[in-house]
Amino acid sequence: MGQTILSAHVASVRVTRGDWVATIQGLTGARIGAVERHGKQILVRLDRGLLYIHLGMTGNLLWNAPSGKYTRAILELSNGVLIYNDIRQFGRFEFYRELPANLVGVGPDALQLDFAEFFLRLKSRKGPIKPLLLNQTFISGVGNIYADEALFAARINPHTPANRLSRPRAAKLFEKIREILQIAIRHRGSSISNHVDACGEPGAFQQMHVVYGRMGSACSGCGKPIRRVVLGQRGTHYCPRCQRA
DNA sequence: CAGATCACCTGCTTGC
DNA sequence: TGCAAGCAGGTGATCT
């Protein structure tokens, strides 16, 4: 906040979604205002627009770290260097003059939504609950790991039609989503292969996964093997006994 | 309008 | 050892 971007370098056309010239021109010389997060999206307010960052699957932001093979963007600020790394380049690092439509369309943040609204919105959806939790226009901020972990914690089968969840079961799911996100944040997230925080520290929450990535191992609740299916094109892990259909 | 199917990228693990 | 297939934290376009 209050820092100036002295220089901007973009090493990947892809993370700027094409217009890397506009990104460099827009960022160079800009003064940084508030930094906000909406779901998985990071918004850096600038005096002349905004920097939109989405880490995708393999993105990370490092403060005062050396650049590397997968560095896609570098911002030299008046008090340090911000490095954006992204192996797969599914993330974004873009300058906009105004708030883009895809941000306007993002759903309520998982940690700010209230239960009444969550339940109301659930009732209008008849598809399976798991893909709905990943739908960022429905609720933003929940990813594949946390959807599976929250559904297990609430003992809800991922195939359950959203509108068939009773109020108490929906309330339990709501509570578990928030609880798991907050615990995961406290543990700096889940490092499956390369996730690190801004200090370069890996997360520790992967040690607390009870279903995600644990296909075939014994369920912590009943001992039956954890099952993996594909639901909504995403690997989905659950216990067939503890999370009955 | 919801659901399915690819596509976008690179790397790691597994199995033959 | 080598090589192909499958998998991975997330969207986004297009077709049915």
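If you're wondering where the values come from, they're calculated on a predicted model, not measured in any experiment. Letters A, B, ... mirror the listed sequences (proteins, then strands); counts begin at 1.
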Identify each atom pair where a protein N or O and an N or O of nucleotides 5-8 of chain B are less than 3.5 Å apart, giving names and distance.
residue : atom : partner : partner atom : Å
B:dC8   : O3'  : A:R14   : NH1          : 3.1

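- In this structure, A:R17 reaches neither bases nor backbone, as no heavy-atom distance under 4.0 Å exists between it and the strands shown.
- Here the side chain of A:T4 pairs no donor or acceptor atom with the backbone of A:S78 at under 3.5 angstrom.
- At least one side-chain nitrogen or oxygen of A:K40 sits closer than 4.0 Å to the OP1 or OP2 atom of C:dG10.
- DNA chain C is contacted by A:N144, A:I145 of residues 144-151 of chain A, taking any non-hydrogen atom closer than 4.0 Å.
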Secondary-structure string, 5' to 3', Watson-Crick or G-U under 3.5 Å, | for another-strand partners, for DNA chain B: .|||||||.|||||||
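- Residue pairs meeting the ring-ring contact (aromatic ring centres under 6.0 Å, His included) criterion with at least one partner in residues 218-237 of chain A, sequence neighbours excluded, are A:Y212-A:H237.
- Listed by chain and number, the residues in a ring pair (Phe, Tyr, Trp, His ring centres under 6.0 Å) with A:F205 are A:Y146, A:H209 (sequence neighbours excluded).
- A:R37 pairs by the salt bridge (charged side-chain N to carboxylate O under 4.0 Å, His left out) definition with A:D109, not counting sequence neighbours.
- Within the structure, salt bridge (Lys or Arg N to Asp or Glu O under 4.0 Å) contacts touching residues 142-152 of chain A (residues at least two apart or in different chains) are A:K130-A:D148.
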Sequence-aligned protein contact record of nucleotides 11-16 of chain B, with B where the base is within under 4.0 Å of a protein heavy atom and S where only the sugar-phosphate is: S-----
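- In this structure A:F138 satisfies the ring pair (Phe, Tyr, Trp, His ring centres under 6.0 Å) test with no other residue, sequence neighbours excluded.
- Residue pairs meeting the side-chain hydrogen bond (donor to acceptor under 3.5 Å, both in side chains) criterion with at least one partner in residues 157-184 of chain A, sequence neighbours excluded, are A:N157-A:H159.
- Taking only side-chain nitrogens and oxygens, A:H54 comes nearer than 4.0 Å to OP1 or OP2 of C:dT11.
- With sequence neighbours left out, the ring pair (Phe, Tyr, Trp, His ring centres under 6.0 Å) criterion links A:F152 to no other residue.
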Please tabulate, for the side chains in residues 10-33 of chain A, all donor-acceptor contacts under 3.5 angstrom to protein atoms that are two or more places apart in sequence or on a different chain.
residue : atom : partner : partner atom : Å
A:S12   : OG   : A:R14   : N            : 3.2
A:S12   : OG   : A:V15   : N            : 3.3
A:S12   : OG   : A:Q89   : OE1          : 2.6
A:R14   : NE   : A:Q89   : O            : 3.1
A:T16   : OG1  : A:V13   : O            : 2.8
A:R17   : NH1  : A:R14   : O            : 2.9
A:R17   : NH1  : A:G91   : O            : 3.3
A:D19   : OD1  : A:A22   : N            : 3.3
A:T23   : OG1  : A:D19   : O            : 3.1
A:T28   : OG1  : A:I24   : O            : 2.7
A:R31   : NH1  : A:G2    : O            : 2.7

